[in-house]
Amino acid sequence: MIKDTLKQKLASHLDHMECLPEKGFVLENPKNPLLGDYALTIAFDLAKQKRQNPLSIAKEIVLELSKRIPKEEMLFTDLNGYINIQFTDNEIWKMVSSNENRLDLFPKSSEKILIEFVSANPTGPLHIGHGRWAVLGDIMCRLKRAVGVTVSSEFYINDTGNQVKQFRNSVSAAKDKKPIPKEGYHGQYVLELAQESGDPVERMISQQKETLEKLNVTFDNWFSELSLHNGQVEAAISELKKEYTYEKEGALWFSSSQFGDDKDRVLIKATGDKTYFASDVAYHREKLSRGFTTLVNVFGADHHGYVARMKAATQAISKVEGILFNVETHFKIIIGQLVSLFREGKPIRMSKRTGEMITLREVIDEIGVDATRFFMVFKSADTHLDFDLEVAKKQSSDNPVYYIQYAHARICSVFRNLQVTPPFVHPENADLNSDERQMLLVALKLNDALYEAALHYQPHRFAAYTYQLAKQFHLFYQKCPIKSASEEDQKKRLFIVYFVQRCLKRSLDILGISAPEQM
RNA sequence: GCGCCUGUAGCUCAGUUGGAUAGAGCAACGGAUUUCUAAUCCGUAGGUCGUAAGUUCAAGUCUUACCAGGCGUACCA
């Protein structure tokens, strides 16, 4: 990580100079790349502490840093109180060669994370919202793994309870040519399932699995709710009973409001049935018992009302059982906002009741896996996504995802055309023009982008980086010909492009998008 | 009513723990190829960052109030 390395280096020097602000400091990216590769704004913070003009502080710091850090590595300049830092070409080449190996670049982590996502009811086909949460969860797993964290992905199957019962009833009603109950499921797929033999719930689960696999999303574990119903739900309830439950109006309540929930929640109804929430408590108890240090749940926004009670339950269980687990810091719930489908600017109404809906499978079939994944990950998880099928498809020529893939294909094409095969030799300290320099710099920032995105569970930031990398390449390609270049330039540029190719491939792999060699 | 998310260019959205002149894509307009894929690149135009106060040397970013949209608010899952 070049930013991290630079920051540590600067921090130790600034500390010795007694110029380290109390709050710490941030390495900025200058708005204008001509100003520098990174920038410090510490002069403004120090101005107050030292009661001096920020401009003169910046000048002093530049002077002192220039003495301490050899000018063969980087150059410091000051402007309007900002301190700008520019790497030398020599230093860029050094970073390129030390960037070759991967995992040991990141801080070691002893975390063991469980990421649960999608967890749709097996009572219908997945829709585009599930697709978004699936892609987000999947890429979070890939990001974490890429920085060396242990991650397990899991789908929780709600294969028991009222909804499942209604669903089975609906299918068997359809089988008997009887009207489907009012509170049942009315989609076209129910009629189709009625034509088939076997348990409709099992059919639905395998259909969902198939769709997700098609989307390039796989789970380490499919966890059945039903499997908790041979004692584990009862066990979880009796654990809570030790301290945090009471009876009221014939029902058993969990006092979740003690743990920050708006109100208390029912575990066992007056009818004697256990609530869905009770199974969920058992499920999360089970997660803790498997020794995960961090739990992550990706919820659809339509379930965000569940967050407070799940946190409350998990905290209560950990207390009763004496497990060291801080919900505030180690139970991360990511809310994925909903997706609205459009076609040529017109909203597509989705209704499970009337059965008028477009399934995730249909979207994938229509616009392709790569485009679906990219559109789902490109926008931040907490913005409502307006997704126009015609735009995603019609644009297929200058769609951002193809733009990125094309960058990769173009590089492969260069090699084919020149009849050369990587790997290429690393040039020694060759001078860089500004386009070559920017190209390498953007490519070098991959690990920083990766680490940041993984740390904050923000896959969209990594997608944005990948796009930026492709963009920089297309610019480079335009400005820096390889075939017609001098022998020396050609050698240098072949290596640059080879480096970029590997960065693109690695980025696309993390996004779960293919990196074609030809388009 | 209360809670969560959102409000930035005509449209869809970025904007790092507050930093330099608020950015990209699409759409519009004008250019670039005797050269490795023009699925590309360059340029022009487009903004009261929902509104109003506040904090700060510095606010799209933080605080408060209000306005608008989405979602939630079950002894359903």
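Just so it is clear, the model here is predicted, and its values are computed rather than measured.
An aromatic stack links A:Y82 and the base of B:A20, using centre distance under 5.5 Å and interplanar angle under 30°.
Judged by distance alone, the side chains of A:R493 and A:Q490 never bring a donor and an acceptor atom under 3.5 Å apart. Defined by atom type and a distance below 3.5 Å, a donor-acceptor pair is present between the side-chain atoms of A:Q405 and A:S514.
Within the cation-pi definition used here (under 6.0 Å to the ring centroid, within 45° of the axis), A:K144 qualifies as a partner of A:Y457.
At least one side-chain nitrogen or oxygen of A:H460 sits closer than 4.0 Å to the OP1 or OP2 atom of B:G15. Between A:K479 and the phosphate of B:C41, there is no side-chain N or O to OP1/OP2 separation shorter than 4.0 Å. Distances shown here put every side-chain N or O of A:Y306 at or beyond 4.0 Å from the OP1 or OP2 atom of B:C71. Remark: A:K483 is not in phosphate contact with B:U35, judged by side-chain N or O atoms under 4.0 Å from OP1 or OP2.
Nucleotide B:C36: unpaired (no Watson-Crick or G-U wobble partner with both distances less than 3.5 Å). Pair check for B:G46 finds none; no Watson-Crick or G-U wobble contact set falls under 3.5 Å. Pair check for B:G10 finds B:C26; Watson-Crick or G-U wobble, both atom distances under 3.5 Å.
A:E390 places its CD atom 16 Å from the C1' atom of B:C11, with the value rounded to the nearest Å. Taking atom CG on A:L55 and atom P on B:G19, their separation rounds to 19 Å, with Å as the unit. Remark: C1' of B:C76 and CG of A:N121 are 10 Å apart, rounded to the nearest angstrom. Protein atom NZ of A:K471 is 12 Å distant from nucleotide atom C1' of B:A14, rounded to whole Å.
Salt bridge A:K492/A:D489: present, at least one basic N to carboxylate O contact under 4.0 Å.
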